[in-house]
Each structure stands twice: as structure tokens, then as C-alpha cells.
K.L.:
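Submitted below is the structure of interest, expressed as C-alpha cells.
In this chain, residues are counted from 1 in sequence order. Scope of the values below: all heavy atoms of this structure, side chains included, with no hydrogens, waters or symmetry mates.
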Amino acid sequence: MPIHSILPPEAYLPQDPTPEQVCKRCPYGFVDCLPLPDGRLQVSRIISTDPAAYLDPVFTPGAILPPTLQS
């Protein structure tokens, strides 16, 4: 049965819980990371005003954060 509503589907359909994210400091600003089961951190997004931050492959979304920045 289709639902005709002005609300987006997120408003009336059950949502999966969002995973906990960890915010870490990096040379450009901050990165939000998802903790992996093996203890490493995967970059989710970068928060920076420096355009060079978005070109650095170390902080590409989906990349594994280097061990030097994980602590």
C-alpha cells in the first residue's frame, strides 16, 4: 500500500540506529571516524576549511586512519 504524504520517508519509517562515530583531530582540522571491529578507525568525513584537506588521500572517506592519528 503506497503512502501519500508530504513528509519524507525518514519521518514515518523505522530507521536503523546510526553507528557511533569518533571525532579525531588531524593537521587540517577534524575527521569523523567509524570504529571498526578490529580497533582501527575508518574515515567517515573530514571537517576542515582548508581545501588541501579534501585532496589528501589519507583523509578520503573510507580510508583507514593511520596509526599515528588513531590515539
Side-chain angles (χ1 to χ4, degrees):
M1 177 173 115
I3 298 174
H4 299 283
S5 173
I6 62 170
L7 298 175
E10 298 84 30
Y12 54 83
L13 292 176
Q15 299 294 311
D16 293 331
T18 57
E20 292 293 322
Q21 292 196 351
V22 178
C23 188
K24 292 288 186 177
R25 194 171 228 344
C26 74
Y28 301 110
F30 297 94
V31 287
D32 274 342
C33 301
L34 297 171
L36 298 175
D38 60 359
R40 298 182 303 165
L41 297 174
Q42 183 180 26
V43 176
S44 173
R45 69 178 179 148
I46 187 163
I47 305 166
S48 176
T49 57
D50 185 358
Y54 299 93
L55 299 174
D56 192 340
V58 173
F59 301 109
T60 303
I64 304 298
L65 203 61
T68 56
L69 296 173
Q70 287 192 18
S71 55

K.L.:
In terms of hydrophobic clusters joined by side-chain contacts under 4.5 Å, are V31 and Y28 together?
P.N.:
yes
K.L.:
Are there over 12 heavy-atom neighbours, none belonging to Q15, within less than 6.0 Å of that residue's CD?
P.N.:
yes
K.L.:
Near D38 CG, under 6.0 Å, is it more than 12 heavy atoms from other residues, nucleotides or ligands?
P.N.:
yes
K.L.:
Look up atom SG in C26 and atom CG in D56, then write down how far apart they are to the nearest 0.5 Å.
P.N.:
8.5 Å
K.L.:
Which value, rounded to the nearest 0.5 Å, describes the distance between S44 atom OG and L65 atom CG?
P.N.:
12.0 Å
K.L.:
In sequence, state the C-alpha distance, the side-chain angles, and the governing distance for V43 and T60, and then conclude on side-chain contact (heavy atoms from CB on, under 4.5 Å).
P.N.:
CA-CA 7 Å; V43 176; T60 303; over 6 Å; no
K.L.:
Any non-hydrogen side-chain atom of L36 less than 4.5 Å from a side-chain atom of I64?
P.N.:
yes
K.L.:
Rounded to the nearest 0.5 Å, what separates atom CG in D32 from atom CZ in R45?
P.N.:
4.5 Å
K.L.:
Measuring only between side-chain heavy atoms, which start at C-beta, is P35 closer than 4.5 Å to L41?
P.N.:
yes
K.L.:
Linking I/L/V/M/F/W/Y whenever any side-chain heavy atoms sit under 4.5 Å apart, do I46 and V58 land together?
P.N.:
yes
K.L.:
Looking at A53, is its backbone amide N or carbonyl O close enough to the side chain of S48 to form a donor-acceptor pair, meaning the two atoms are under 3.5 Å apart?
P.N.:
no
K.L.:
Can you measure from NZ (K24) to SG (C33) and round to the nearest 0.5 angstrom?
P.N.:
8.0 Å
